[in-house]
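First the structure, in the form of structure tokens, and then the observations on it.
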Amino acid sequence: MTGWIRWFGADGKAKFRRFFGIMLPILVTQTAIMGMNFCDTVMSGHAGASQLAGTAIGGNIWMPVFTTLNGILMASMPLSAQLLGAGRRAEIGKVIRHGLWMALGLALLCYAAAALFLEAVVSRLGLAPDVAYVATHYLAGIGIGIVPFLMNTVLRCLVDTLGGTRLTMTIFLTTLPLNVCMNYIFIYGKLGVPAMGGIGAGVATGLTSWFVFLFFCLVLRRDARYADIRIVERPLLPAWNLIGEFLRIGVPLGLSIFVETSIFGAIAFLVAKFGTDAIAGSQAAMSFTSLVYMIPLSVSMSMTILVGIEAGARRWSGAEQYGNVGLAFNWTCALVIPSLIFLFRQEIAMLYLEEPAARALCATFTAYGSLFVMGDAVAAPIQGILRGYKQVRLPFYSAVVAYWGICAPLGLYFDYGLGHGAFSYWQSLDIGLAVSALLLFWRLCVLRRRLRG
């Protein structure tokens, strides 16, 4: 009993109930989001390996950009959580308004960068012409929804932080079948629409973003729980001190996500030289492991909210105990889930691919992926805890060291030095993620000792 109280508090069971009450709807939401990506991958794959390879390359160009900008905008979550914990709820609307301004500005930067550099970047990858065509036009389809994509991040942070995780879950569960239907129409050419293959998956994703944005606007307008959150009020123009606070937290957060996601994008490009089957197999395995990652990511987001509220109220012991709740759950998952992935790797490959060669490669990639799923399960909740404390610099530095200081050089050595082929980069990912988890755990221990006084 003493150990329970020290780790989780005298009300430990209540903390677990609150944690699951926030985390489970977030998990369903994240799974619905990744379900859209899963459907994009599976449905594009059944349209042909070149279609899947094109969407894979396009996705790996877009994903580091989107997740970086998304990370910057997610600063609204710890900012709002700490205001809520400090009893300053009336100021949250101002934070969200500034987040929306930033989302619009970042979307305009995306359009400008795409117009200037996209064709040149794709042309230098040495892709087969049909794969390059699909990649470029897949990104153009996604571009339809960049503005709502980014604004949805800010609005979701507001809804989730104020306890509306079930509302967010409902919104994304509603839009998932819409996305699947639009995929079916645009990829395979139904209802008089020409078959677009993988390009159609990008168009469907862009249009889905607008539906999500519409639903968020309806929720905020009609739900009484958000009636006191004044997002649109004078002065409408941004205040630079709050923009600076956003950037102080959001830029390291976004850069740490960029460092992580860009290594996955780089690996996709490095694997490309091994042929279309290797690209398709690697992308399919990455799609599945990304879907599994929604569990630790959901715990991480829950930790940011719960720890942020406790930290805003200066309840340091409560913040630590909520952190322990998340760590206990996620580290249990780290023991169970990777084992299941390894055991069912062949069946997982069959979900994605028809071609036997690509399917065999996918199964091997998935086996290596089971190991870095374990690393993610250890590291992700710690990242969320640190964000709740507004501690964002160390996760950035640890990501740089782990991914680009260790993972990238090791992958190149395994490939060019040891001749491990396309699997080299997945092997190095396993090592890089393990190093990142150790660095983050060290930082959390140091921070907790300091807060205990």
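Quick note: residue numbers are just sequence positions, from 1.
Between the side chain of Ser256 and the backbone N or O of Pro395 there is no donor-acceptor pair closer than 3.5 Å. Thr205 places a side-chain N or O within 3.5 Å of a backbone atom of Ala201 that can act as its donor or acceptor partner. A donor-acceptor pair under 3.5 Å links the side-chain atoms of Thr29 to the main chain of Met169, judged by distance alone. No donor-acceptor pair under 3.5 Å is formed between the side chain of Thr161 and the backbone N or O of Leu158. Judged by distance alone, the side chain of Gln82 and the main-chain N or O of Met77 form no donor-acceptor pair under 3.5 Å.
Remark: Ser302 pairs with no residue by the side chain to side chain donor-acceptor pair (under 3.5 Å) rule, at least two apart or across chains. Under the rule for a side chain to side chain donor-acceptor pair (under 3.5 Å), Thr165 has no partner lying at least two apart in sequence or in another chain. The side chain to side chain donor-acceptor pair (under 3.5 Å) test applied to Arg166 returns no partner, not counting sequence neighbours. The side-chain contact (heavy atoms from CB on, under 4.5 Å) test applied to Leu214 returns Leu218, not counting sequence neighbours. Residues satisfying the salt bridge (charged side-chain N to carboxylate O under 4.0 Å, His left out) test with Asp415, not counting sequence neighbours, are Lys273. For Thr332, the side-chain contact (heavy atoms from CB on, under 4.5 Å) criterion is met by no residue, not counting sequence neighbours. Listed by chain and residue number, nothing satisfies the salt bridge (charged side-chain N to carboxylate O under 4.0 Å, His left out) test with Lys94 (two or more places apart in sequence, or in another chain). With sequence neighbours left out, Leu343 forms a side-chain contact (heavy atoms from CB on, under 4.5 Å) with no residue at all. When the side-chain contact (heavy atoms from CB on, under 4.5 Å) test is applied to Phe329, the partners found at least two apart in sequence or on another chain are Phe19, Phe20, Met23, Ile295, Val299, Cys333.
One finds the CD1 atom of Ile382 at 10.5 Å from the CG atom of Leu439 (value rounded to the nearest 0.5 Å). Atom OG of Ser80 sits about 7.0 Å away from atom CG of Leu162, to the nearest 0.5 Å. A distance of 12.5 Å separates OG1 of Thr175 from CG of Leu207, quoted to the nearest 0.5 Å. Rounded to the nearest 0.5 Å, atoms CG (Leu79) and CG (Leu84) are 12.5 Å apart. Rounding to the nearest 0.5 angstrom, the gap separating the CG atom in Leu109 from the CG atom in Leu69 is 8.0 Å. Rounding to the nearest 0.5 angstrom, the gap separating the CG atom in Leu444 from the CD atom in Gln383 is 11.5 Å.
Nearest approach of Leu440 to Ser398, heavy atoms of both residues: CD2-OG, 3.7 Å. The shortest heavy-atom contact between Ile406 and Ala402 is CB-O, 3.3 Å. Across all non-hydrogen atoms, the minimal contact from Gly384 to Thr304 is O-OG1, 3.0 Å. Considering every non-hydrogen atom in both Ile96 and Ser76, the closest pair reads CD1-CB, 4.3 Å. Across every non-hydrogen atom of Ile22 and Ile26, the tightest pair is O-CG1, 3.3 Å.
Here the side chains of Pro78 and Ile249 are in contact, with some heavy-atom distance below 4.5 Å. Within the 4.5 Å cutoff, no side-chain heavy atoms of Met182 are placed close to those of Val203. The shortest side-chain heavy-atom distance between Val95 and Phe246 falls under the 4.5 Å cut-off. Between Pro381 and Ser300, every side-chain heavy-atom pair lies at or beyond the 4.5 Å cut-off. Within the 4.5 Å cutoff, the side chain of Ile341 has heavy atoms near those of the Ile348 side chain. Proximity of Thr168 to Phe216: side-chain heavy atoms (C-beta onward) are separated by under 4.5 Å at one or more points. Residues Ile72 and Leu253 fail the side-chain proximity criterion, which asks for heavy atoms closer than 4.5 Å. For the pair Leu104/Leu100, no side-chain contact is recorded, criterion being any heavy-atom separation below 4.5 Å from C-beta on.
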Between Arg387 and Val307, does the side chain to side chain contact (heavy atoms under 4.5 Å, CB included) criterion hold? Intermediate values first, please. CA-CA 8 Å; Arg387 289 169 191 163; Val307 173; over 6 Å; no
Working for side chain to side chain contact (heavy atoms under 4.5 Å, CB included), residues Tyr425 and Leu410: CA-CA 8 Å; Tyr425 304 100; Leu410 272 181; over 6 Å; no
Output, in order, the C-alpha distance, side-chain angles, deciding distance and verdict of side chain to side chain contact (heavy atoms under 4.5 Å, CB included) for Ile385 and Tyr322. CA-CA 9 Å; Ile385 293 167; Tyr322 271 118; over 6 Å; no
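Counting only N and O atoms by type, the side chains of Ser282 and Trp426 include a donor and acceptor under 3.5 Å apart.
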Less than 3.5 Å apart, which donor and acceptor atoms pair up between the side chains of residues 362-378 and the rest of the protein, not counting sequence neighbours?
residue: Thr364; atom: OG1; partner: Ala360; partner atom: O; Å: 3.4
residue: Thr366; atom: OG1; partner: Cys362; partner atom: O; Å: 2.7
residue: Tyr368; atom: OH; partner: Gln427; partner atom: NE2; Å: 2.9
residue: Ser370; atom: OG; partner: Ala367; partner atom: O; Å: 2.6

For a quick test of your reading: what N or O donor-acceptor pairs under 3.5 Å do the side chains of residues 134-157 make, sequence neighbours left out?
residue: Thr136; atom: OG1; partner: Ala132; partner atom: O; Å: 3.0
residue: His137; atom: ND1; partner: Tyr133; partner atom: O; Å: 2.9
residue: Asn152; atom: OD1; partner: Phe213; partner atom: N; Å: 3.4
residue: Asn152; atom: ND2; partner: Pro148; partner atom: O; Å: 2.9
residue: Asn152; atom: ND2; partner: Ser209; partner atom: O; Å: 3.3
residue: Thr153; atom: OG1; partner: Asn70; partner atom: OD1; Å: 2.3
residue: Arg156; atom: NE; partner: Asp160; partner atom: OD2; Å: 3.0
residue: Arg156; atom: NH1; partner: Gln30; partner atom: OE1; Å: 2.3
residue: Arg156; atom: NH2; partner: Gln30; partner atom: OE1; Å: 2.8

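Sorted by first then second residue, the ring-ring contact (aromatic ring centres under 6.0 Å, His included) pairs that include residues 388-414, not counting sequence neighbours, are Phe414-His420.
Between Tyr184 and Tyr188, the angle of the ring planes goes over 60°, which puts this pair in the perpendicular group of the 30/60° scheme.
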